[in-house]
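Since the structure comes first, as structure tokens, the remarks are kept for the end.
So you know, we letter chains A, B, ... as the sequences are listed, proteins then strands, and number each from 1. We use all heavy atoms of the structure for the numbers below, so side chains are in, but hydrogens, waters and symmetry mates are not.
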Amino acid sequence: DGGITQSPKYLFRKEGQNVTLSCEQNLNHDAMYWYRQDPGQGLRLIYYSQIVNDFQKGDIAEGYSVSREKKESFPLTVTSAQKNPTAFYLCASSIAGRGANVLTFGAGSRLTVL
Amino acid sequence: KQEVTQIPAALSVPEGENLVLNCSFTDSAIYNLQWFRQDPGKGLTSLLLIQSSQREQTSGRLNASLDKSSGRSTLYIAASQPGDSATYLCALLSGNTPLVFGKGTRLSVIA
């Protein structure tokens, strides 16, 4: 079945460590996205990519980095520069272009900083 | 910049009631609007997608409407069930940016 796989589901990090969240899709979607969700804050866009080897910053990109070397993969690194990284992270993908952009979401990764 | 507001933030209703969730937005130049459902600790599931040229979409007990001129969308849930308990989010696609989300309405249907 086609879908998006995020791993790990739960992750604990010590302050000062970088961590990488994985996002893989087999939907043949061109566009991929990373969102952060905090209680009462809704979803906020971190980074997005509409094509391989290209990506754009979202509203809260500081302290995060991404790569898009393959169409299927869009890993997110939470760096030590991110001051408050504890949150629920959601990856999504869609076809590119306008009009019928239905987003498919992964199940999420919950990061906790100890 | 597009801003999306969902009211109320939380809603509790007895089983069987019909209910309406509201979504308002500031920029009417949208391509489409989506309603999502999110269960606690889970990802989002798309419920309904309304193109900018459409007025409403229906799926089972769900009906979503779109009024661009007033900057509003509503999600109508008929004959609510305890299994409908979840957070419902609306999101808009406009301009050259990805989806912009509201903060969601947390719905509890009491048996």
Take atom CD in E17(B); do more than 12 heavy atoms of anything else shown fall under 6.0 Å from it?
yes
What is the minimum heavy-atom distance between N26(A) and G3(A), and which atoms define it?
OD1-N, 2.6 Å
Where does Q38(B) contact chain A at under 4.5 Å (heavy atoms): side chain, backbone, both or neither?
side chain
Ranking A91(B), G41(B), S53(B), A9(B) by heavy-atom pairs under 4.5 Å to chain A gives rank one to G41(B)
For Q56(A), is it the side chain, the backbone, both or neither that has a heavy atom under 4.5 Å from a heavy atom of chain B?
neither
Y89(A) versus L11(A): any side-chain heavy-atom pair under 4.5 Å?
no
Yes or no on side-chain contact (heavy atoms from CB on, under 4.5 Å) for L11(B) and Y88(B), after CA distance, side-chain angles and deciding distance?
CA-CA 11 Å; L11(B) 179 64; Y88(B) 292 82; over 6 Å; no
Below 4.5 Å from any heavy atom of chain A, which atoms of L89(B) appear? Answer side chain, backbone, both or neither.
side chain
Tell me the closest heavy-atom pair linking I95(A) and A31(A), and the distance in Å.
O-CB, 4.4 Å
I need the minimum non-hydrogen distance between C23(A) and M32(A), along with the two atoms involved.
SG-CE, 3.5 Å
Does I77(B) reach the side chain of R61(B), with side-chain heavy atoms less than 4.5 Å apart?
yes
Take V100(B) and F25(B) through the test side-chain contact (heavy atoms from CB on, under 4.5 Å) and record every step on the way to the result.
CA-CA 10 Å; V100(B) 177; F25(B) 46 95; over 6 Å; no
Under 4.5 Å from any heavy atom of chain B - which part of L90(A)
side chain
At under 4.5 Å between heavy atoms, what parts of residues 101-111 of chain B are in contact with chain A? List them by residue number.
F101(B), G102(B), K103(B)
